[in-house]
Novice: 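Take a look at the following structure, please.
Quick note on labels: first sequence line is chain A, next is B, and so on, each numbered from 1.
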Number of protein chains: 2
Amino acid sequence: MNKKKTSLKDIAQKAGVSTALVSYVLNGKEKESRVGEEIAARVRQIASELNYQPNYLAKSLRSGRTRTLGLIIADISNPFFANIARIVEDEAKKNDYTVIIGSSDEDADKSWDLINVLINRQVDGFIIVSSEHTEEQIQYLKNRNIAFVLLDRYFPDIDTDYVALDNYQAAYQAGLHLVEGGYRHVGFVAYRSQLFHMRERIRGYVDALRGSEAGFCPEWLTEVEFTNVDLEVRAGIDLMLAAEKPIDALIFATYRLAISGLKYINELGLNVPDDLAIVSFGQAEAFDLYYCPVTYLQQPMEALGKTSVDVLINKLKDSQQERKQILMEATLIARNSSKIKVLVD
Amino acid sequence: MNKKKTSLKDIAQKAGVSTALVSYVLNGKEKESRVGEEIAARVRQIASELNYQPNYLAKSLRSGRTRTLGLIIADISNPFFANIARIVEDEAKKNDYTVIIGSSDEDADKSWDLINVLINRQVDGFIIVSSEHTEEQIQYLKNRNIAFVLLDRYFPDIDTDYVALDNYQAAYQAGLHLVEGGYRHVGFVAYRSQLFHMRERIRGYVDALRGSEAGFCPEWLTEVEFTNVDLEVRAGIDLMLAAEKPIDALIFATYRLAISGLKYINELGLNVPDDLAIVSFGQAEAFDLYYCPVTYLQQPMEALGKTSVDVLINKLKDSQQERKQILMEATLIARNSSKIKVLVD
DNA sequence: GCTCTTTGCTTAAACGATTAAGCAATCTTT
DNA sequence: AAAGATTGCTTAATCGTTTAAGCAAAGAGC
């Protein structure tokens, strides 16, 4: 029943030496500090007897580094972020870092809160999936000289390190895939957001359609609020189906949107892909279970997560590191939901 | 460009007072410590000018409490745990606690590592979803007098606080539901594990069938390894379908198993529920997307997560708290995958 | 035998906060 | 006016570690 944690002092007392000596021994600095062999052995012996575990608080206070990273995401219960979080956790652990995760719910105020709490807890650096209207926060971190790297989303107008997807090419690829598969009226469901990654996805989609025979029609683009996904997705799909030129294919800009939309398409009794072809961003087990496996844009999750950690840790080691602005490509995994259309005419 | 963080000392210097005074003021102890009004105002003024943010490391080192909880789960990328994690995070934050999450991958060694890392980081207490063969770790925490509460899984032979599901009644309920729906040969896919919650699920299922006309047949029970889910689920389903009395309904003991199993059932071209009825533990968006909405056992996630945090925090406030051993009930959400069978004979 | 180096340890400051104890100066009381 | 109480602050110890600096004893060099 060890009531109290054992400290350096306890070991020092029991060994009849100073805490400095114990510290040297337990940190493997015996050589540099010329510690006697027998005494070193005895210290180690006593340390293990007392089951000594160093207090990281004290270490950190002294060293000024906590070996802790803050990870700010929208919502850990969203599978995309949960996956990212797991990869970040593992990569951090490999480098002896611990991660503290915070969910911002895409809310700028909550994001501020999280950043402040984590700064107070002295994290060494941040990995941030930015929410809308958080440019100010990013600027603040830059000014305060706090290390961070943006993940998945970045601000083109702020010079920062980032690791993200090439969203334009991903969306373009999705649009092209459908057009080449014989679909002419391709809809797109996105979030109503000024976040660059979302604008890029929309831009990629629009460009792909503009390059097609049928062109792009604004009626085919639906933008929904973060806070009211289910209702607005339904309304959007209704509109796109009732348009002058009704859509025969639909791209979802995120996994969440796809889940919501596919449920509704089920309810409507529409047949995928005959009535409506589907492509979605982000992989998900759910897509495998769908009666018609869903074509999706596979993001290099592992690479995104690992790279962001590595970029950050390198920056912590050497603050003079050059800017790292990394874009990765998505891979389109074609399945039945977007199979080549058999033309009737 | 504040290069350095501002500390109490900086404020004290600028105000021409001692750090003690500053500490009293900023902690609202002016009354008890009889601090002059103007000087208090000045200190506050300077603190906000310098954008003072207290160093939690120092606070914690002094107070012996970090206001940090460790949450140990199997895998944050599993939606069940991700959900739990989010709820725990929110409830903790309400009480001014921060959570550090660690994924053990159901591996006892990794679990030990996590516990040790978090102890070194001086977390105030743990919320633990135990992996198999971690009884020793739990006993260690008890002996060291470290606060913790078990979540979702517990060990009947170790006296601890816990918050979990009544797994026996949940599985029993699932079995009964299918039997009453006219299914006679009900299979069960579980993990091969000595973990009590899994044994209870199996026991509940077996008892439900034993109480039915057709009784229970060992061939209908498949247990698969954590590490080889996909292959063993397939093999198990093959066996249960080829049994002397082939199954006409199937219960999955977890969400992961269901995803794996449903994929295979799709591949086999079996029709749910006509060829095979389905009930699964755990809700998931994926179940909504399935062509035939899946009947599932809804766990009171919110209550589980919140209660575990509350139990732990109460224990931290008052270590003499009595044992809290809380079992919650699952709700069966009946959908088409288990609809009442139209008997042919 | 005297200085110089090396060996093997200790002392003490520092990280940033909290807080019990102490000490003048002023105010109250009788 | 003397004693006691109150006010408004400071001093210094403390939490557990690290690490530069110091110091005594032993060994080396001449």
Novice: Under 3.5 Å, which donor-acceptor pairs link side chains of residues 128-135 of chain B to any protein atom two or more places apart or in another chain?
Specialist:
| residue | atom | partner | partner atom | Å |
| --- | --- | --- | --- | --- |
| B:S131 | OG | B:S104 | OG | 3.1 |
| B:E132 | OE2 | B:Q194 | N | 2.7 |
| B:T134 | OG1 | B:S131 | O | 2.7 |

Novice: For A:F126 and A:F148, I'd like to know if the aromatic rings sit close, meaning centre-to-centre distance below 6.0 Å.
Specialist: no
Novice: Hey, what are the protein-to-nucleotides 11-15 of chain C N/O distances that come in under 3.5 Å?
Specialist:
| residue | atom | partner | partner atom | Å |
| --- | --- | --- | --- | --- |
| C:dC15 | O2 | A:R62 | N | 3.4 |

Novice: From CD of A:Q13 over to P of C:dT10, roughly how many Å is that when rounded to an integer?
Specialist: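 Between P of C:dT10 and CD of A:Q13: 13 Å.
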Novice: Do A:T307 and A:K324 have side chains that approach each other closer than 4.5 Å (heavy atoms only, starting at C-beta)?
Specialist: no
Novice: Please give, in whole Å, the distance from D:dC15 C1' to A:Y56 OH?
Specialist: 18 Å
Novice: Would you name the heavy atoms of A:D124 and A:A147 that are closest together and state the gap between them?
Specialist: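 Looking at all heavy atoms of both residues, the closest pair is O-CB, 4.1 Å.
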Novice: For C:dT19 and B:K29 - does any side-chain N or O of the residue sit under 4.0 Å from the phosphate oxygens OP1/OP2?
Specialist: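 So the side-chain polar atoms of B:K29 do come within 4.0 Å of the phosphate oxygens OP1 or OP2 of C:dT19, strictly under.
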Novice: Can you find a pair of side-chain heavy atoms, one from A:K14 and one from A:E49, that are under 4.5 Å apart?
Specialist: yes
Novice: Could you tell me how the ring of A:Y154 sits relative to the ring of A:F196: parallel (under 30°), tilted (30 to 60°) or perpendicular (over 60°)?
Specialist: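 Perpendicular: the ring planes of A:Y154 and A:F196 meet at over 60°.
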Novice: C:dA20 P sits how many Å from B:R34 CZ, rounded?
Specialist: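 Distance, rounded to whole Å: 12 Å.
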Novice: What is the separation between atom CD on A:E38 and atom P on C:dT7, rounded to the nearest whole Å?
Specialist: 15 Å
Novice: With a non-hydrogen cut-off below 4.0 angstrom, is B:I39 in contact with a base, only sugar-phosphate, or nothing?
Specialist: sugar-phosphate
Novice: Between B:Q53 and A:A40, which has a closest nucleotide on DNA chain C that is more 5'?
Specialist: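 The 5'-side residue here is A:A40.
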Novice: Write down the distance between CZ (B:R67) and C1' (C:dA17), rounded to a whole number of angstrom.
Specialist: 16 Å
Novice: Rounding to an integer number of Å, can you tell me how far B:L8 CG sits from D:dT14 C1'?
Specialist: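 That distance rounds to 15 Å.
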Novice: Considering every strand and a 4.0 Å limit on heavy-atom distances, what is the contact class for A:S23: base, sugar-phosphate, or nothing?
Specialist: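 If one applies the 4.0 Å heavy-atom cut-off, A:S23 turns out to touch a base.
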Novice: Heavy atoms under 4.0 Å, any strand shown: does B:Y52 hit a base, just sugar-phosphate, or nothing?
Specialist: sugar-phosphate
Novice: Can you check the B:E37 CD to D:dG8 P distance for me, whole Å?
Specialist: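 These atoms are roughly 9 Å apart.
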Novice: Let me know the distance between CD1 of B:I11 and P of C:dG16, rounded to the nearest Å.
Specialist: 12 Å
Novice: When the side chains of residues 70-79 of chain A are checked against the rest of the protein, which donor-acceptor pairs come out under 3.5 Å, sequence neighbours left out?
Specialist:
| residue | atom | partner | partner atom | Å |
| --- | --- | --- | --- | --- |
| A:D75 | OD1 | A:S77 | N | 2.9 |
| A:D75 | OD1 | A:S77 | OG | 3.0 |
| A:D75 | OD1 | B:R86 | NH1 | 2.7 |
| A:D75 | OD2 | A:S77 | OG | 2.9 |
| A:N78 | OD1 | A:F80 | N | 2.8 |

